[in-house]
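The structure appears right after this line, and notes come after that.
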Amino acid sequence: MPIPDGATRVTYSIASGSVDSPLQVILPVELAGGDLEFVGEVIEEAMDLVLTRIRADRPGDNTLSTSRIYDCTVPDTTWPAE
């Protein structure tokens with residue numbers, strides 16, 4: 001997924017709700033300057049690898065969940081309105 005316009009940060013999360021072996025991996029990434037498309041691709045590839053390794057280590061864990069959340073700023077939408 002391309003990085004949305006105005007994105008300032010992306011947070012990837014992988015979690016398992018397993019009672020016997022809970023797991024939470026959180027990777028926050030600041031998106032300031034540079035080649036954001038390249039950075040976004042590299043980070044996503046890294047998290048895909050982490051998820052692949054976790055799935056291999058936890059076969060049958062049906063409680064794994066993943067998310068990717070972007071923090072975005074939208075130009076000309078300051079709050080509170082003056």
Side-chain angles (χ1 to χ4, degrees):
M1 172 180 181
I3 295 173
D5 289 340
T8 57
R9 177 184 181 124
V10 60
T11 302
Y12 286 86
S13 175
I14 302 171
S16 172
S18 169
V19 173
D20 297 328
S21 185
L23 170 78
Q24 187 169 29
V25 176
I26 298 173
L27 177 65
V29 180
E30 296 297 322
L31 300 172
D35 186 349
L36 296 184
E37 185 175 332
F38 173 76
V39 169
E41 289 174 9
V42 169
I43 295 299
E44 190 157 328
E45 286 176 18
M47 288 305 288
D48 285 343
L49 176 60
V50 170
L51 181 58
T52 298
R53 299 285 301 269
I54 290 171
R55 285 182 172 154
D57 187 58
R58 297 167 170 260
D61 184 346
N62 296 326
T63 66
L64 281 176
S65 64
T66 61
S67 68
R68 175 181 54 209
I69 300 170
Y70 289 96
D71 294 348
C72 296
T73 57
V74 180
D76 302 322
T77 57
T78 56
W79 182 86
E82 294 181 26

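Every heavy atom of this structure was used, including side-chain atoms; hydrogens, water molecules and symmetry mates were not. All figures in this text were calculated on a predicted structure; none of them were measured in a lab.
Considering all non-hydrogen atoms of both residues, Ser16 and Thr63 come closest at OG-OG1, 3.0 Å. The nearest pair of heavy atoms linking Tyr70 to Ala7 is CD2-CB, 4.0 Å.
In this structure, CG on Leu23 lies 7.5 Å from CD1 on Ile14, to the nearest 0.5 angstrom. Between Asp71 atom CG and Thr11 atom OG1 the span is 5.5 Å, to the nearest 0.5 Å. Rounding to the nearest 0.5 Å gives a distance of 10.0 Å between CD1 of Ile54 and CG of Leu49. With rounding to the nearest 0.5 Å, the separation of CG in Leu51 from OG1 in Thr66 is 6.5 Å.
In this structure, Arg9 places its CZ atom where more than 12 heavy-atom neighbours from other residues, nucleotides or ligands lie under 6.0 Å away. Within 6.0 Å of CD in Glu30 there are more than 12 heavy atoms belonging to other residues, nucleotides or ligands.
Looking at Ser18 and Asp61, their side chains never bring a donor and an acceptor atom within 3.5 Å of each other.
Residues Ile3 and Val39 fail the side-chain proximity criterion, which asks for heavy atoms closer than 4.5 Å. Side-chain contact check for Arg68 versus Glu44: some heavy-atom pair is nearer than 4.5 Å.
Under the side-chain hydrogen bond (donor to acceptor under 3.5 Å, both in side chains) criterion, Ser21 pairs with Arg58, sequence neighbours left out.
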